[in-house]
> 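Okay, handing you the structure first.
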There are 2 protein chains.
Amino acid sequence: MLHVAEAARVSVATVSALINGTATVSPELSARIEQAIRDIGYKRNAIARSLKMGTTRTIGLTVPHITNPFFTDVVSVIQQAFDRAGYAVMLCCTDEDLNTQDDQIRLLLDRMVDGLIVARVGDGALLRGIVEDANVPVVLLDRTLEGVDTDAVVLDNQSAVFDAITYLINLGHRRIAYITGTSDISTMGDRMAGYREALQAAGLPVSPELIRSGNFHEIDGYNATMQLLSLHERPSAIFSANNPMVIGTMKAIRDIGLSCPEDISVACFDDFPWSDVFQPQLTTVAQPVQAIGEQAANLLLDRLAGNRDAPPRKLVLKGRLMIRNSCRPLGAVVQGVTA
Amino acid sequence: MLHVAEAARVSVATVSALINGTATVSPELSARIEQAIRDIGYKRNAIARSLKMGTTRTIGLTVPHITNPFFTDVVSVIQQAFDRAGYAVMLCCTDEDLNTQDDQIRLLLDRMVDGLIVARVGDGALLRGIVEDANVPVVLLDRTLEGVDTDAVVLDNQSAVFDAITYLINLGHRRIAYITGTSDISTMGDRMAGYREALQAAGLPVSPELIRSGNFHEIDGYNATMQLLSLHERPSAIFSANNPMVIGTMKAIRDIGLSCPEDISVACFDDFPWSDVFQPQLTTVAQPVQAIGEQAANLLLDRLAGNRDAPPRKLVLKGRLMIRNSCRPLGAVVQGVTA
DNA sequence: AACGCTAATCTAAACGTTTCGATCCTGTCA
DNA sequence: TGACAGGATCGAAACGTTTAGATTAGCGTT
């Protein structure tokens, strides 16, 4: 900018005024300055600007795993929304690990992000502190945090799972296994509650042997399913509370020589883009990813626009049960054999 | 830092020296300063630091679509690699659109990223200029750019597709359709070349009616497949040069009432994490995503570590044909009926 | 006792912006 | 004719660091 000012024989203040439109500058100087900008190929230094202005027009986004299609989609939507608003987004993957998450949040804060969207992991004392300091607005995505009062957009997990389990019950299933993630995550607790509620509403027992938990990865779903399938009395249906784990479930079913839905019914949380193309077509609880991403972005953009003092807003969206062909009615006895 | 200095009754220079270890500071002052840092809860302002140092320890990463599983995986690997090195990554999705890409690259450059990893789109005069200016190192990912000499990691697309098409030919297929992305992308040209080469090597004609192109989206694959399946003489196999488009292909096959592989064989570029679990299990060309992401990260990290003058390095990795059951041998007549 | 050397510390400039307040014109009005 | 208003322009400080070079203190040498 100094060079531009010199070339145009004006002060830097005038250049700044022209660029930002913060004051009127005469046509002749404008012309000279614009010419100089073109000649020099000047680009404003956003770092210097950020230092002075105290804002980076950059936000931080952390998710447990970007390869989980749910998060992939949400990240995509959020990125687009902020891109439209002229914000950059720094993406971090916490790998379901609290320490990693803390490191990454610190990294983001160091870089003075204007706001944070966090699909949290673990308990998060750090996160709690940030929200309380209230220097940078935080919106919680997908997973709330007990006792932390800040903007959030989540799914009504309990009723979504309630609907799915009830659907299985109505198909005639009685022994319905449930594979969950680690219990410190709000979504997992809520989903489990939906499972229990549905069983109880139908007068069915909740047997601990049918409930397995893992750390959200495919391998965890695989191991859990292996255990379930080797029970003396095998479940007739499995519900997986998490998307990557259901892949493990399907692999275990295949490896053990069974097939879905003939031998065992499967349903899971989170829809796949291709779920109605390949067999079995999985029955899933679809989250409104587009809406979730957009709402989260809007909540944060609203704070960034200056609306700092409004009370925390919590948006609860509804899931939708996508019924396909991975669950079979138990009334009719189907001779299940596939190639 | 000023407050810390005052509280510890030292100069800011001493505080800086201690924090960065750039000079020895006496034990007593160190203690006072550390105490003050703790008391105040001081965090170094990375923006001010960046301004002074001329480095942000942040890189920019642009991909066409993060929802394409290939890019999802690569993004994930790259993010992890830079995270380990203490870098933040700004992610942008260009949506296969040149203008969007240019806007986003400008956004990243404005923010003074130290380097750029670009899975480019379109012709990219802007990109060309950046590489020539050589201010910020650029590594091209997945797609090279004609006449632009910079680090790159790509697949040997031609031989990968050659292998896949040859496999189909060996199964007895003669009318093999090919669905490609837009031709300005290097990968697409190379893949197409592999297709032609394989046909010619087998003495088969390359018929234009069997070649369709689209803009990488599912819907493009759908439309292309619809056209192919309504040809007077239908192809017996379809190869899709891009991952999302093959979903469209499968949907079109389903909608038209055919089934794979009984009525038509399908293979495609890019593996899915779940491809060996659901039916049909797609035969794919798997890219070594882990290696691609890591190599790209390493190339850039090496430049960032100061190795600026080394000549451009181009890494060419090999794909791997994952043979599953979505392509059937044409010799044996299989009575194809599925539920 | 004067000197120089080293290690520790400090002062102040610089990075590239934004912005407040001052200055300088030009023209209008009493 | 002089005062003044208002618009255009500028000078300089500030944002929070890093760092070159100056200063100081302590100590051994001669």
Side-chain angles (χ1 to χ4, degrees), chain A residues 1-37 40-58 86 88 106-114 135-136 306, chain B residues 1-37 40-58 86 88 106-114 135-136 306:
Chain A
M1 181 177 279
L2 181 61
H3 299 117
V4 171
E6 282 169 356
R9 305 187 305 285
V10 299
S11 76
V12 289
T14 309
V15 177
S16 177
L18 176 65
I19 290 176
N20 299 305
T22 51
T24 51
V25 3
S26 70
E28 51 223 309
L29 288 206
S30 297
R32 287 221 302 271
I33 294 170
E34 274 159 6
Q35 184 60 46
I37 287 178
I40 297 183
Y42 166 77
K43 296 246 59 186
R44 176 168 68 188
N45 182 324
I47 296 295
R49 178 165 223 261
S50 291
L51 177 60
K52 185 65 188 168
M53 307 281 279
T55 166
T56 52
R57 289 192 82 77
T58 299
R106 269 189 277 264
L107 181 98
L108 293 169
L109 254 27
D110 276 359
R111 282 173 176 69
M112 304 273 127
V113 290
D114 290 344
N135 275 329
V136 357
Chain B
M1 180 176 279
L2 182 60
H3 300 116
V4 171
E6 282 170 356
R9 304 187 307 283
V10 299
S11 76
V12 290
T14 309
V15 178
S16 177
L18 176 65
I19 290 177
N20 299 306
T22 51
T24 52
V25 3
S26 69
E28 49 221 311
L29 287 206
S30 296
R32 288 221 303 270
I33 293 171
E34 274 158 7
Q35 185 61 48
I37 287 178
I40 297 184
Y42 167 77
K43 297 247 58 189
R44 176 168 67 189
N45 182 324
I47 296 295
R49 178 165 223 261
S50 291
L51 177 59
K52 184 66 189 168
M53 307 281 280
T55 167
T56 52
R57 288 192 83 75
T58 300
R106 269 189 277 263
L107 181 99
L108 293 169
L109 256 25
D110 276 358
R111 282 173 177 70
M112 304 273 128
V113 291
D114 290 345
N135 275 330
V136 356

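All chains are named by letter (A, B, ...) in the order of the sequence lines, taking the proteins before the strands, and each is independently numbered beginning at 1. Only a predicted model underlies this, so the values are computations on that prediction, with no experimental measurement involved.
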> What is the distance, to the nearest angstrom, from the CD atom on A:Glu28 to the C1' atom on D:dT9?
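Distance, rounded to whole Å: 12 Å.
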> To the nearest Å, how far apart are B:Arg111 CZ and C:dG16 P?
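Roughly 19 Å, once rounded to whole Å.
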> Rounded to whole Å, how long is the line connecting atom CZ of B:Arg32 with atom C1' of C:dT9?
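Taking atom C1' of C:dT9 as the reference, CZ of B:Arg32 is at 11 Å.
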> Considering non-hydrogen atoms only, spot the tightest contact between B:Leu51 and A:Ile47 and give its length.
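Heavy atoms only, the tightest pair is N-CG2, 3.7 Å.
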> CE of A:Met112 versus C1' of D:dT17: gap in Å, rounded?
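Spelled out: CE on A:Met112 to C1' on D:dT17 is 11 Å.
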> Does a nitrogen or oxygen in the side chain of B:Ser26 sit under 4.0 Å from OP1 or OP2 of C:dT9?
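B:Ser26 to C:dT9 OP1/OP2: side-chain N or O found under 4.0 Å.
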> Is A:Leu109 close to B:Lys43 at the side-chain level, that is, under 4.5 Å between some pair of heavy atoms?
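No, every pair of side-chain atoms sits at 4.5 Å or beyond.
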> Please encode protein proximity along nucleotides 17-26 of chain C as a string of B, S and -, counting only heavy-atom distances under 4.0 Å.
BBB-------
> B:His3 has an atom NE2; how far is it from atom P of D:dC15, in whole Å?
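Computing the B:His3:NE2 to D:dC15:P distance gives 9 Å.
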> Could you state the CD1-P distance from B:Ile33 to C:dA8, rounded to the nearest angstrom?
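So the two atoms are 13 Å apart, to the nearest Å.
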> Just so I know, are the side chains of B:Arg49 and B:Asn20 near enough to count as touching, which here means a heavy-atom distance under 4.5 Å?
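Yes, their side chains come closer than 4.5 Å.
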> Going by heavy atoms in the side chains, are B:Ser16 and B:Ile19 under 4.5 Å from each other?
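Side chain of B:Ser16 against side chain of B:Ile19, heavy atoms only: no contact under 4.5 Å found.
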> When the distance from CG of B:Leu51 to P of D:dA14 is rounded to whole Å, what number comes out?
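Value for this atom pair: 17 Å.
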> May I ask you to evaluate whether A:Thr24 reaches the phosphate of D:dG7, defined as a side-chain N or O under 4.0 Å from OP1 or OP2?
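False: A:Thr24 side-chain N/O out of range (4.0 Å or more) of D:dG7 OP1/OP2.
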> Between the main-chain N or O of B:Arg57 and the side-chain N or O of A:Arg111, is there a donor-acceptor pair closer than 3.5 Å?
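Answer holds: yes.
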> When you measure from the side chain of A:Thr58 to the backbone of A:Thr56, do you find a donor-acceptor pair of N or O atoms at a distance under 3.5 Å?
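Here the side-chain-to-backbone pair exists.
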> Can a salt bridge be assigned to the pair A:Asp110 and B:Arg44 using a cut-off of 4.0 Å between side-chain N and carboxylate O?
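No, A:Asp110 and B:Arg44 are not salt-bridged.
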> Please report, rounded to the nearest Å, how far the P atom of D:dG16 is from the CG atom of A:Asp110.
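Those two atoms, CG and P, are 15 Å apart.
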> Any side-chain N or O of A:Ser50 below 4.0 angstrom from OP1/OP2 of D:dC15?
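No, no such contact exists.
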> Under 4.0 Å, heavy atoms only, any strand: does A:Leu29 hit a base, just the sugar-phosphate, or nothing?
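Sugar-phosphate only.
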